[in-house]
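I have placed the structure first, in the form of structure tokens, so that the comments after it can refer back to it.
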Amino acid sequence: MNILNDIKLEIQSALKVIFTYECHLENITLEETIKNYDGFYTFIIFPHTSNLKQKPEHIGEKLGEYLTVNSSIISDFNVVKGFLNLDLSDNYLISIFNHISNHKSWGYKSSSGKEVMVEFSSPNTNKPLHLGHMRNIFLGYSLSKILEANGYKVHKVQIINDRGIHICKSMVAWNLFGNNETPKSSGMKGDKFVGKFYVMFENEHKKQVDKLVNNGISEEEANLSTGIMKMAKDVLLKWENKENQTVALWKKMNGWVYEGFQSTYDLIDVSFDKNYYESETYLLGKSKIQKGLKNEIFYKEKDNSVWVDLTEDGYDKKILLRSDGTSVYMTQDIGTAIKRFEDFPKIIKQIYTVGSEQDYHFKILFKILEKLNYNWAKECFHLSYGMIDLPSGKMKSREGIVVDADQLIYNMIQTAKKRTNELGKLDDFQNDNSEDLYNIIALGALKYFLLKVDPKKRMLFDPEESIDFQGNTGPFIQYTYARILSLIKRGDSLNLDYKNIDLSKNFQLTNIQKKIINHVYLFSDTIKLSLDMYSPAVIAKYVYDLCKLYNNFYQENKIFDGKEDVTSLFKIKLSYMVSKIIKSALYLLNINLPNRM
RNA sequence: AGCCCUGUAGUUCAAUGGAUAGAAUAGAAGUUUCCUAAACUUUAGAUGCAAGUUCGAUUCUUGUCGGGGCUACCA
């Protein structure tokens, strides 16, 4: 069943009968009727006026009259300027309603067998996760779910930047100041623990730089030649030579970080199917560059550094290997991309969830892969998202101006707890459920807050203002759901068989009920649209509108009136249907639902 | 300097070229003998500026003025 298509066919045949006008389906523009007018869908007449040589109002009237009489779908119409607003008949919407209720999970497509890979998160191992990572992770994870709902098999992966000078810095600082301390002995979360030593390194380094600058050395030179920086470089060299002790410490400290990350991932209900580590892909990248060099895709400078010239493609020249032969960011990404298509030969697409500041990097990466003759290069896609600004400007992780993820979540759980208790929601609640409830609400608020914004756009977060629980928020949707669940519970306790009601042909629907059925129907289109636009925000907007409509209905319609006739049963069934859609939609946003709140 | 993104109510976000530019929040005024008031109703408030294309422009084009990013032998 396809409402848009059904109506278009009716319009097409009406145009033919009334005006002997043959019109292709794709030339019929049909849109949802906007708020202030009666009707469900609007046919836009303007584009056809020149062909029909008549006034749009006249065409609209003729068409509307014909459809109302001859189409079982259309029950009424009105014309405003060049817009023909069409009302859907009760019988048609009831058939839609029955059709949807026969579906196990309305809107989800069955498997197409196609496989895709989605990369997200991709942290460095020297810094804990922050709010920017949260946007990245929720976006990537949600998109994976949206892909699945559209019939794809998805491989969720992250790339972990586990090698390089940054992790060596933490290692040096731990050697110097660590006193064999561990996350366990200090009671710190592993990623926070290692991050602390990274900061210690930077502080000590800065101190030594200042000293050198005071002694008359330029800042640029001082930055490269402090004692502690030399130690870090030495460690990097030892690591590349696979020196036992160094590798052992590296493994140990990264292990702490992974434990820390894992506990955050668990908290936010996110998982990966596979991790990639740069330490395992950078050598492959290097070898591919050597090969490209041999095939003259790349070239060598006098100082032995390797470059690619992309000026013909409208980009600059880009370095691929340093003069000392070590790899750069691009080298590793080339290796990682190739390895992934080797590991999963069936994937037809790879999606990188990475911030918009790397738009240029990915354009070049995909171009290089194309030049290396990988035909899948065209199927690589950079899912670019905007930064999160603070009122003071952008977050700067190097200067510690960030919103820590764990801390933010903790604060939100506390706020949820406080708010719940103020409202007296838990007065008859079992204590053991209450912690779960705070978590569900807090994370629901956070995830919805981050996902409701178009990914491409920058957004603002003010740490001074807590994230709302009212209005267009996660908890609003959770609350709507919890209320429906309590209705269902009551229906069940009265043994009402609302699931198998038979709506006779003459069952009357109210306008708001019709609107709800139509909106539920649109979930299917929304799932597709959200993938086309690579935007979970489309789902968020949809489910919010659904809840608004439902709350409107809830307010105006008493469901249990003592009679419990077919009208009541229908209302329960409609509520049940809405609850299922809310659940399906929030599943795509990775937001959990409480049974009551 | 070049390239890319961006500019909508006080604030945070919407609007596949369509109607009177939607919500939320903050503001003002209401709705609890009745299924959960984290809800609902009413009210006031915005497209940076200037041209162009179009029956129609927040959306496309050009110019202009703001904001951000990238153009690193950092990742």
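Values in this document were obtained by computation on a predicted structure and should not be read as measured data. We name chains A, B, ... by the order of the sequence lines, and we start the count at 1 in each one. Side chains are part of it too, since the values below use all heavy atoms of this structure and drop only hydrogens, waters and symmetry mates.
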How many Å lie between [atom1] on [X] and [atom2] on [N], as a whole number?
{"X": "Y481(A)", "N": "rA39(B)", "atom1": "OH", "atom2": "C1'", "answer": "18 Å"}
{"X": "K53(A)", "N": "rC55(B)", "atom1": "NZ", "atom2": "P", "answer": "15 Å"}
{"X": "Q555(A)", "N": "rU32(B)", "atom1": "CD", "atom2": "P", "answer": "11 Å"}
{"X": "Y37(A)", "N": "rG18(B)", "atom1": "OH", "atom2": "C1'", "answer": "11 Å"}
{"X": "I582(A)", "N": "rA38(B)", "atom1": "CD1", "atom2": "P", "answer": "16 Å"}
{"X": "F553(A)", "N": "rC35(B)", "atom1": "CZ", "atom2": "C1'", "answer": "11 Å"}
{"X": "N551(A)", "N": "rA23(B)", "atom1": "CG", "atom2": "P", "answer": "15 Å"}
{"X": "H205(A)", "N": "rC74(B)", "atom1": "NE2", "atom2": "P", "answer": "13 Å"}

For a quick check, with a 4.0 angstrom heavy-atom cut-off, what is the B/S/- contact string for nucleotides 3-16 of chain B, read 5' to 3'?
----S----SSS-B

Would you tell me if any nitrogen or oxygen in the side chain of [X] comes within less than 4.0 Å of OP1 or OP2 on [N]?
{"X": "R483(A)", "N": "rA37(B)", "result": "yes"}
{"X": "S486(A)", "N": "rU36(B)", "result": "yes"}
{"X": "R322(A)", "N": "rC74(B)", "result": "yes"}
{"X": "K548(A)", "N": "rA24(B)", "result": "yes"}
{"X": "K81(A)", "N": "rC55(B)", "result": "no"}

Taking [M] as the reference, what is the distance to [N] when you measure between their [atom1] atoms (whole Å, please)?
{"N": "rG17(B)", "M": "rU61(B)", "atom1": "C1'", "result": "13 Å"}
{"N": "rU59(B)", "M": "rA72(B)", "atom1": "C1'", "result": "37 Å"}
{"N": "rA44(B)", "M": "rA28(B)", "atom1": "P", "result": "16 Å"}
{"N": "rC49(B)", "M": "rC65(B)", "atom1": "C1'", "result": "7 Å"}
{"N": "rC74(B)", "M": "rU64(B)", "atom1": "P", "result": "36 Å"}
{"N": "rA24(B)", "M": "rG67(B)", "atom1": "P", "result": "33 Å"}
{"N": "rU47(B)", "M": "rA21(B)", "atom1": "C1'", "result": "8 Å"}
{"N": "rA9(B)", "M": "rC4(B)", "atom1": "C1'", "result": "29 Å"}

Residue [X], side-chain atoms from C-beta onward, closest of [options]:
{"X": "I559(A)", "options": "rA75(B), rC35(B), rU20(B)", "result": "rC35(B)"}
{"X": "K558(A)", "options": "rU25(B), rA75(B), rC34(B)", "result": "rC34(B)"}
{"X": "D468(A)", "options": "rU25(B), rU71(B), rC40(B)", "result": "rU25(B)"}
{"X": "D316(A)", "options": "rC35(B), rA23(B), rU71(B)", "result": "rU71(B)"}
{"X": "L423(A)", "options": "rA19(B), rA38(B), rC40(B)", "result": "rA38(B)"}

Check whether N78(A) reaches the backbone of D38(A) with its side chain - one donor and one acceptor, N or O, closer than 3.5 Å.
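Indeed, once roles are kept as given, a pair shorter than 3.5 Å links the two residues.
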
Do any N or O atoms from the side chain of R596(A) and from the backbone of L485(A) form a donor-acceptor pair under 3.5 angstrom?
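A pair under 3.5 Å: no.
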
Nearest-0.5 Å distance, CD of residue E240(A) to OG1 of residue T326(A):
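Reported to 0.5 Å precision, the distance equals 6.5 Å.
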
Give, for atom CE of M387(A) and atom CG of L131(A), the distance between the pair rounded to the nearest 0.5 Å.
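If I round to the nearest 0.5 Å, the distance is 13.0 Å.
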
As a check on the pairing definition, encode RNA chain B in dot-bracket form, counting Watson-Crick and G-U wobble pairs whose two distances are under 3.5 Å, and using | for partners outside this strand.
(((((((..((((....[...)))).(((((.......)))))....(((((..]....))))))))))))....

Base orientation of rU20(B), syn vs anti, 90° cut from 0
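rU20(B): anti glycosidic orientation.
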
Between K456(A) and D454(A), does any side-chain N to carboxylate O distance fall below 4.0 Å?
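Between D454(A) and K456(A) there is a salt bridge, with a charged N closer than 4.0 Å to a carboxylate O.
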
I'd like to know if D359(A) and K363(A) make a salt bridge, using a cut-off of under 4.0 Å between side-chain N and carboxylate O.
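Salt bridge flag = no for K363(A) with D359(A).
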
With no hydrogens and no angle check, just 3.5 Å: does a side-chain donor-acceptor pair link Q478(A) and Y448(A)?
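Not at all, the side chains of Q478(A) and Y448(A) share no donor-acceptor pair under 3.5 Å.
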
Within the 3.5 Å criterion, strictly below it, is a donor on N518(A) or Y41(A) matched to an acceptor on the partner's side chain?
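Y41(A) and N518(A) do have a side-chain donor-acceptor pair below 3.5 Å.
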
Which of parallel (below 30°), tilted (30 to 60°) and perpendicular (above 60°) describes F461(A) and F449(A)?
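Ring orientation, 0 to 90° scale: perpendicular.
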
Parallel under 30°, tilted from 30 to 60°, perpendicular over 60°: which one fits the rings of Y282(A) and W239(A)?
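Answer is tilted, since the angle falls between 30° and 60°.
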
Answer yes or no as to whether [N] has its base stacked against [X], where stacking requires a ring-centre separation under 5.5 angstrom and planes under 30 degrees apart.
{"X": "Y479(A)", "N": "rA39(B)", "value": "no"}
{"X": "F476(A)", "N": "rA38(B)", "value": "no"}
{"X": "Y554(A)", "N": "rA39(B)", "value": "no"}

Output, in order, the C-alpha distance, side-chain angles, deciding distance and verdict of side-chain contact (heavy atoms from CB on, under 4.5 Å) for K55(A) and T49(A).
CA-CA 7 Å; K55(A) 285 189 171 167; T49(A) 46; over 6 Å; no

Counting only distance, no hydrogens or angles, is the base of [N] paired donor-acceptor with the side chain of [X] under 3.5 Å?
{"X": "T473(A)", "N": "rA24(B)", "value": "no"}
{"X": "D162(A)", "N": "rA75(B)", "value": "no"}
{"X": "T420(A)", "N": "rA38(B)", "value": "yes"}

[X] near the nucleic acid: base, sugar-phosphate alone, or nothing, with a heavy-atom cut-off under 4.0 Å?
{"X": "N557(A)", "value": "base"}
{"X": "N85(A)", "value": "base"}
{"X": "I441(A)", "value": "base"}

Report the residue (I34(A) or V328(A)) whose heavy-atom-nearest nucleotide on RNA chain B is the more 5′ of the two.
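Mapping each residue to its closest nucleotide by heavy atoms, the 5'-most match is I34(A).
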
RNA chain B: P47(A) or N161(A), which has the more 5' nearest nucleotide?
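The residue closer to the strand's 5' end, by nearest nucleotide, is P47(A).
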
Quick check: closest heavy atoms across G355(A) and S384(A), and the distance to 0.1 Å?
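Answer, listing the atom of G355(A) first, then S384(A): C-OG, 4.3 Å.
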
Test: K169(A) cationic atom under 6.0 Å from F197(A) six-membered ring centre, within 45° of axis:
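Judged by the rule (NZ or CZ under 6.0 Å from the ring centre, within 45° of its axis), K169(A) is not positioned above F197(A).
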
